[in-house]
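Notes for the one structure printed next.
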Amino acid sequence: MNSSTLLDILADGDFHSGQDLGVRLAVSRTAVWKQIRKLRATGLQIQSVTGKGYRLSSRQGLLRRERILAKLPPELANSLQIELALSIDSTNAEAMRHVQNGLRGPALFVAEQQSAGKGRRGRQWLSPMASNIYMSLVWPFDGSVSTLEGLSLITALAVVDALERNGCNGISVKWPNDVLLGGKKLAGILLELHGDMEGPLQVIVGVGLNVSMPPDQLESLERPATDLVSHFSATFDRNLLLADLVEALFSRLNLFQARGFGAFRKEWEALDSHLGRWVNIESGKNTTTGRVLGVDDSGALRLQTSDGELVIRGGEVQTSLRPVNDASDPVENDNDS
Ligand code: ATP
């Protein structure tokens with residue numbers, strides 16, 4: 001017996017007695033119990049009630065391959081390789097291992113939990129069990145690295161598309177790789193590359209999207225963060241959200257490959273939470289202060305500084321944009337990340 005078959009049965013959210021599980025999986029009740037203990041050790045909450053049996057207590061239900069496939073357009077469902085893990089170090093790391101072993105993509109790596117979820121600059125992405133979306137798409141890209149400047153911005157637009165399709169309004173973006181809700185971080189994007197920097201390349205497009213974070217985990221974060229369930233006081237089916245996100249990514253990435261970022265510039269600026277605002281750009285030990293003018297046709301940030309207009313490229317150095325909290329900041333009560 002493996003844990004995914006036991007999970008398949010528990011995924012319906014109903015009670016199943018140890019005896020019933022044993023019969024269906026053709027193992028002893030002790031073997032069932034040991035497997036339940038293993039699943040619990042991953043952080044999955046499984047209730048056990050005397051006389052009734054075991055039941056998954058996840059509020060969100062689990063990710064199911066067949067539900068994701070059913071929501072995808074048929075041409076995608078028939079061609080996309082999907083790897084779904086219960087627990088993994090990082091979906092980006094898993095995708096990279098496959099790419100290093102010859103995978104060319106497109107392929108999708110998804111997990112219910114990440115034990116070492118990655119942000120930029122070695123930062124951690126908090127990834128509790130069966131709560132959120134953690135996914136990495138391996139995308140074959142013909143162009144060179146220099147044409148990829150706008151890719152994290154395009155990915156953010158795809159996240160917004162999927163959220164809007166699921167009735168979530170009020171989403172904004174922050175250069176270069178964040179998606180915000182009510183000014184708080186809702187999703188993070190991590191891009192990694194493999195191959196010849198002059199092209200062709202495999203791009204690993206990683207997205208972490210908070211759907212239903214345990215409140216104590218949200219509060220443990222250094223900067224304000226939020227999730228869909230607490231913000232909208234509604235429930236979300238992660239399977240449907242994930243399928244919409246994958247579809248939106250395919251659509252945006254195909255257009256980006258054909259037309260470049262320029263075609264999306266205005267759309268991105270209309271969602272930019274920091275447009276017209278004073279910010280500090282932290283890059284290594286250097287901080288540059290200026291007012292955000294928008295982005296250029298490559299996706300680089302345009303900043304008005306005391307020395308004139310500066311163009312800041314996210315691909316060259318890992319930069320962080322922070323609002324300026326002083327008298328020159330035209331926006332009050334900034335609690336942005
Ligand atoms: P910034 O631009 O805000 O400095 P970043 O873009 O460099 O951040 P990311 O790499 O996107 O950061 O994400 C890592 C950071 O995000 C962590 O340092 C932590 O503060 C925050 N974080 C980690 N997990 C989550 C989560 N699940 N939801 C929201 N924020 C998170």
Under 3.5 Å donor-acceptor, Asp237 side chain and Asn239 backbone: yes
Carboxylate-amine/guanidinium contact Asp272 Lys174, below 4.0 Å: no
Salt-bridged, Arg238 to Glu112, with N to O below 4.0 Å? yes
Are Leu209 and Ile204 joined in one hydrophobic group, where the rule is that I, L, V, M, F, W and Y side chains link up if heavy atoms are under 4.5 Å apart? no
Assigning hydrophobic clusters by single linkage (Ile, Leu, Val, Met, Phe, Trp, Tyr; side-chain heavy-atom cutoff under 4.5 Å), is Tyr54 placed with Val23? no
Does Ser144 have any side-chain hydrogen bond (donor to acceptor under 3.5 Å, both in side chains) partners at least two apart in sequence or in another chain, and if so, which? Ser146
Start with the C-alpha gap between Glu192 and Met96, add the side-chain angles, then the distance that decides, and say whether side-chain contact (heavy atoms from CB on, under 4.5 Å) holds. CA-CA 8 Å; Glu192 294 183 283; Met96 185 59 91; 4.1 Å; yes
Side-chain donor/acceptor of Gln114 to backbone N/O of Thr91, under 3.5 Å: yes
May I ask you to test the Leu190-Asn177 pair for a side-chain heavy-atom distance under 4.5 Å? no
Closest non-hydrogen atoms of Ser131 and Pro214, given as atom of the first, atom of the second and distance, are OG-CD, 4.2 Å
Quick check: are there more than 12 heavy atoms from other residues, nucleotides or ligands sitting under 6.0 Å from CD of Gln100? yes
Please give me the minimum heavy-atom distance between Trp175 and Val295, naming the atom from each residue. CD1-CG1, 3.8 Å
same_hphob_cluster(Leu86, Ile36) at 4.5 Å side-chain heavy-atom cutoff: yes
side-chain hydrogen bond (donor to acceptor under 3.5 Å, both in side chains) between Thr287 and Asn280, intermediate numbers included: CA-CA 6 Å; Thr287 299; Asn280 285 328; over 6 Å; no
pair Leu186-Val159: side-chain heavy atoms closer than 4.5 Å: no
dist Gln217:CD -> Ser212:OG (nearest 0.5 Å) comes out at 11.0 Å
Could you give the distance from NZ (Lys34) to CZ (Arg37), rounded to the nearest 0.5 Å? 7.5 Å
Just how far is it from atom CZ of Phe15 to atom CG of Leu10, taken to the nearest 0.5 Å? 11.0 Å
Value rounded to 0.5 Å, distance of CD1 in Ile46 from CD in Gln35: 9.0 Å
Does the Asn132 side chain pair with the main chain of Val211, one donor and one acceptor, at a distance under 3.5 Å? yes
Please report the interatomic distance CG(Leu6) to NZ(Lys38), rounded to the nearest 0.5 Å. 11.0 Å
Does the Asn210 side chain pair with the main chain of Thr226, one donor and one acceptor, at a distance under 3.5 Å? yes
Does Asn286 use its side chain to pair, donor to acceptor, with the backbone of Glu282 at less than 3.5 Å? no
On a heavy-atom basis, which atom in Arg40 and which in Gln47 lie closest, and how many Å separate them? NH2-C, 4.0 Å
Minimum heavy-atom distance Lys185-Leu180, with the two atoms named: CA-CD2, 3.7 Å
Is any side-chain N of the basic residue among Glu267 and Arg252 closer than 4.0 Å to the acidic one's carboxylate O? yes
Going only through I, L, V, M, F, W and Y residues with side-chain contacts under 4.5 Å, is there a path from Leu137 to Val207? yes
Atom pair CG (Leu245) and CG (Asp161), whose distance is rounded to the nearest 0.5 Å: 9.5 Å
Check step by step if side-chain contact (heavy atoms from CB on, under 4.5 Å) holds for Leu181 and Phe232. CA-CA 10 Å; Leu181 176 57; Phe232 291 107; 3.7 Å; yes
Scanning both residues in full, the closest heavy-atom pair of Met213 with Leu126 reads CE-CD2, 3.9 Å
For residues Ser136 and Asn92, is any side-chain donor paired with an opposing acceptor at under 3.5 Å? yes
When you compare the side chain of Glu247 with that of Arg165, does any pair of heavy atoms fall below 4.5 Å? yes
Flag, side chain of Arg29 to backbone of Gly22, donor-acceptor distance under 3.5 Å: no
Indicate yes or no: at least one non-hydrogen side-chain atom of Met135 is less than 4.5 angstrom from one of Leu108. yes
Take Arg55 and Asp14 through the side-chain contact (heavy atoms from CB on, under 4.5 Å) test and state the conclusion after the steps. CA-CA 6 Å; Arg55 179 172 77 169; Asp14 294 337; 5.8 Å; no
With sequence neighbours excluded, residues passing ring-ring contact (aromatic ring centres under 6.0 Å, His included) with His16: none
Taking the side chain as every heavy atom from C-beta outward, state whether Leu303 and Glu309 have any atom pair closer than 4.5 Å. no
Side chain to side chain, Leu39 and Leu7, heavy atoms closer than 4.5 Å: yes
Listed once per pair and sorted, the salt bridge (charged side-chain N to carboxylate O under 4.0 Å, His left out) pairs that draw on residues 95-105, sequence neighbours left out: Asp89-Arg97, Glu94-Arg97
I want to check something: taking the side chain as every heavy atom from C-beta on, are Arg313 and Val311 in contact at a cut-off of under 4.5 Å? yes
Could you tell me whether the side chains of Ser298 and Glu149 share a donor-acceptor contact shorter than 3.5 Å? no
Side chain to side chain, Phe261 and Asp297, heavy atoms closer than 4.5 Å: no
Counting neighbours of CD on Glu164 that are heavy atoms of other residues, nucleotides or ligands and sit closer than 6.0 Å, is the number greater than 12? yes
Any pair counted as ring pair (Phe, Tyr, Trp, His ring centres under 6.0 Å), so long as it reaches residues 115-144, sequence neighbours left out: Trp139-Phe250
Please say yes or no: joined through hydrophobic side-chain contacts below 4.5 Å, possibly via intermediate residues, are Ile82 and Val203 part of one cluster? yes
Strictly by salt bridge (charged side-chain N to carboxylate O under 4.0 Å, His left out), give each pair with a member in residues 76-88 just once, sequence neighbours left out. none
Does the distance from a Lys or Arg side-chain N to an Asp or Glu carboxylate O, for Arg302 and Asp296, drop under 4.0 Å? no
Name the atoms and distances for all side-chain donor-acceptor pairs under 3.5 Å in residues 68-78, with sequence neighbours left out.
| residue | atom | partner | partner atom | Å |
| --- | --- | --- | --- | --- |
| Lys71 | NZ | Asp244 | OD1 | 2.6 |
| Lys71 | NZ | Asp244 | OD2 | 3.3 |
| Asn78 | ND2 | Pro74 | O | 3.1 |

Between Leu228 and Leu163, does a side-chain contact (heavy atoms from CB on, under 4.5 Å) hold up when you go through it step by step? CA-CA 9 Å; Leu228 295 177; Leu163 289 169; 3.7 Å; yes
Thr155 side chain to Leu151 backbone, donor-acceptor under 3.5 Å: yes
At their closest point, which heavy atom of Ser152 faces which heavy atom of Ile189, and how far apart are they? O-CD1, 3.7 Å
